[in-house]
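A short worksheet on the structure shown next.
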There are 2 protein chains.
Amino acid sequence: MKNQELAERTKNSLINTARVQFTEKGYAETSLEEIVGKINITRGALYHHFGNKLGLFKAVVEVVQRGIAESIEQESAKSENSWEQLVLGCHAFVHAALLIENRRILLVDGPAVLGWNEWSEIDEHHSESRLLQKITDLKADGLIKDSISVKALTTVISGSLNEAVLWVSHAENPEQAKDEVLAVIDVMLNGFRK
Amino acid sequence: MKNQELAERTKNSLINTARVQFTEKGYAETSLEEIVGKINITRGALYHHFGNKLGLFKAVVEVVQRGIAESIEQESAKSENSWEQLVLGCHAFVHAALLIENRRILLVDGPAVLGWNEWSEIDEHHSESRLLQKITDLKADGLIKDSISVKALTTVISGSLNEAVLWVSHAENPEQAKDEVLAVIDVMLNGFRK
DNA sequence: TTATTTACATACATTCTGTATGTATGTTAT
DNA sequence: ATAACATACATACAGAATGTATGTAAATAA
């Protein structure tokens, strides 16, 4: 079993340093040599474990998504009220997505590099699926206006959160911007309530 | 003046075919040879006129943005009512962004390739500035809830529209999806109304 | 203990972008 | 009208990056 844990260690090292590089320079601008150089191995190891550059990126994306989903889960569990859980979840997403180690991969490069189909497939296993589930429940409980499509609403909310995070992160005063954005989101969510 | 119009023709050809290629294959996956090959010139001409690959992409983005902005302008002008103009503008954006020749460049590659700063700089000269202006006016006229920040609201609306378009374009039934999304957007906008 | 798989390294082929240079044609100044 | 210059490209080349094919030592299985 010494071989397996060695492999596991190299894979994790690759994912971790790749995440840093992808975050700092973006997918296209990071070379694989840059990544393997940081941990003193060669591209041979990388190609052995991940097949190609995209394979490594997907592995990084998985880690990022898992982290976000966990944050949301944790935060929204702080309330018993179903509607409050939605609000808490949205706020948690904003907080988590704002973190440097998540932002670019989650909001910019992820969708662009992987393309819509592959991206939403991954997304649906994580944060977006949580949001969809919550909204489906709220709709079933009659807490959301009847005229509204659950999937369309999920999309609209998700999109607004994404763009909001990007704006906040580039605002002159990010703290204030975050407050403003969260306030707008609260109003928005309330607008969908029955 | 014969030289100038020749140059203008080549530039337009490059922009047009580049737009097609960028739309079909994305920025990273299109090679410059592919573009110049289609119109039987060499990369020399391309580099002469646009400096580099990014320069050509920016030129394409400008064209796309201008088109979208014009659609919005035109549609929203169909009403005298200020609030209706906002709604019409949002709907027009959805329609325009859904067009194949705009979608990918506007919603996926544009922001990812150019990065937030450069993208918003271009965006602020076109569609986003129109939206911001409209919302600013509505706020000044007391038609929007007081607690809401104009810039944050603009961001939220813009983000929801973007994501909505992407979802509609990949839906099994795009026509229905579009109707659903527009309905959600109307509800959302109303939620911000005072 | 021999065979085979695993985890890499090394070497190489290919494909891009970008730059430097060459050239013919158009434009301007005298 | 012609010399000087600028423009609009084409051509050739350098450099970087991905991906693939092959080699190898260590671990594991037979």
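In what follows, chains carry the letters A, B, and so on, assigned in the order in which the sequence lines appear, proteins first and then strands, with residues in each chain numbered from 1.
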Open item on the list: Testing the 3.5 Å rule here: is there a donor-acceptor pair between the side chains of B:Glu8 and B:Asn12?
Closed with: no

TODO: Check the distance between D:dA8's P and B:Phe50's CZ and give it to me in whole angstrom.
DONE: 12 Å

TODO: Mind calculating the distance between CG (B:Leu56) and C1' (D:dC9) to the nearest angstrom?
DONE: 16 Å

Exercise answer: donor-acceptor pairs, residues 45-55 of chain A side-chain atoms, under 3.5 Å, sequence neighbours excluded:
unit_1  : atom_1 : unit_2  : atom_2 : d
A:Asn52 : OD1    : A:Leu54 : N      : 3.3
A:Asn52 : OD1    : A:Gly55 : N      : 2.8
A:Lys53 : NZ     : A:Tyr27 : O      : 2.9
A:Lys53 : NZ     : A:Thr30 : O      : 2.9

N/O donor-acceptor pairs under 3.5 Å from side chains in residues 165-172 of chain A, not counting sequence neighbours:
unit_1   : atom_1 : unit_2   : atom_2 : d
A:Ser169 : OG     : A:Val165 : O      : 3.4
A:Ser169 : OG     : A:Leu166 : O      : 2.8
A:His170 : ND1    : A:Leu166 : O      : 2.9

- [ ] Determine: side-chain N/O of B:His48 to OP1/OP2 of D:dC9, distance under 4.0 Å, yes or no.
- [x] no

Open item on the list: Under the rule for side chain to side chain donor-acceptor pair (under 3.5 Å), what residues qualify as partners of A:Glu101, not counting sequence neighbours?
Closed with: none

TODO: Let me know the distance between CD of B:Glu8 and C1' of D:dT7, rounded to the nearest Å.
DONE: 13 Å

- [ ] Could you tell me the separation between the CD atom of A:Glu29 and the C1' atom of D:dT18, rounded to a whole number of Å?
- [x] 15 Å

Open item on the list: From CG of A:Leu14 over to P of C:dC8, roughly how many Å is that when rounded to an integer?
Closed with: 9 Å

- [ ] Using only side-chain N and O atoms of A:Thr10, determine if any of them is under 4.0 Å from OP1 or OP2 of C:dC8.
- [x] yes

TODO: Report the residues that fulfil salt bridge (Lys or Arg N to Asp or Glu O under 4.0 Å) with B:Lys194, sequence neighbours left out, ordered by chain and then residue number.
DONE: B:Asp146

Can you name the atoms? Protein N/O to nucleotides 16-19 of chain C N/O, anything below 3.5 Å, with the distance.
unit_1 : atom_1 : unit_2  : atom_2 : d
C:dT17 : OP1    : B:Leu32 : N      : 3.3
C:dT17 : OP1    : B:Lys53 : NZ     : 3.4
C:dT17 : OP2    : B:Leu32 : N      : 3.2
C:dG18 : OP2    : B:Tyr47 : OH     : 3.0
C:dG18 : OP2    : B:Lys53 : N      : 3.2
C:dG18 : N7     : B:Arg43 : NH1    : 2.8
C:dG18 : O6     : B:Arg43 : NH2    : 2.7

TODO: Grab the CD1-P distance between B:Ile41 and D:dT7 for me, whole Å please.
DONE: 18 Å

- [ ] Take the protein atom CD1 of A:Ile35 and the nucleotide atom P of D:dG19, then report the distance between them rounded to whole Å.
- [x] 12 Å

What pairs of donor and acceptor atoms, side-chain ones from residues 83-100 of chain B against any protein atom, are under 3.5 angstrom apart with sequence neighbours left out?
unit_1  : atom_1 : unit_2   : atom_2 : d
B:Glu84 : OE1    : B:Ser79  : OG     : 2.9
B:Gln85 : OE1    : B:Lys134 : NZ     : 2.5
B:Gln85 : NE2    : B:Ser79  : O      : 2.7
B:His91 : NE2    : B:Asp186 : OD1    : 2.8
B:His95 : ND1    : B:Lys178 : NZ     : 3.4

Open item on the list: Output the rounded distance in Å from CD (A:Gln4) to P (D:dT28).
Closed with: 9 Å

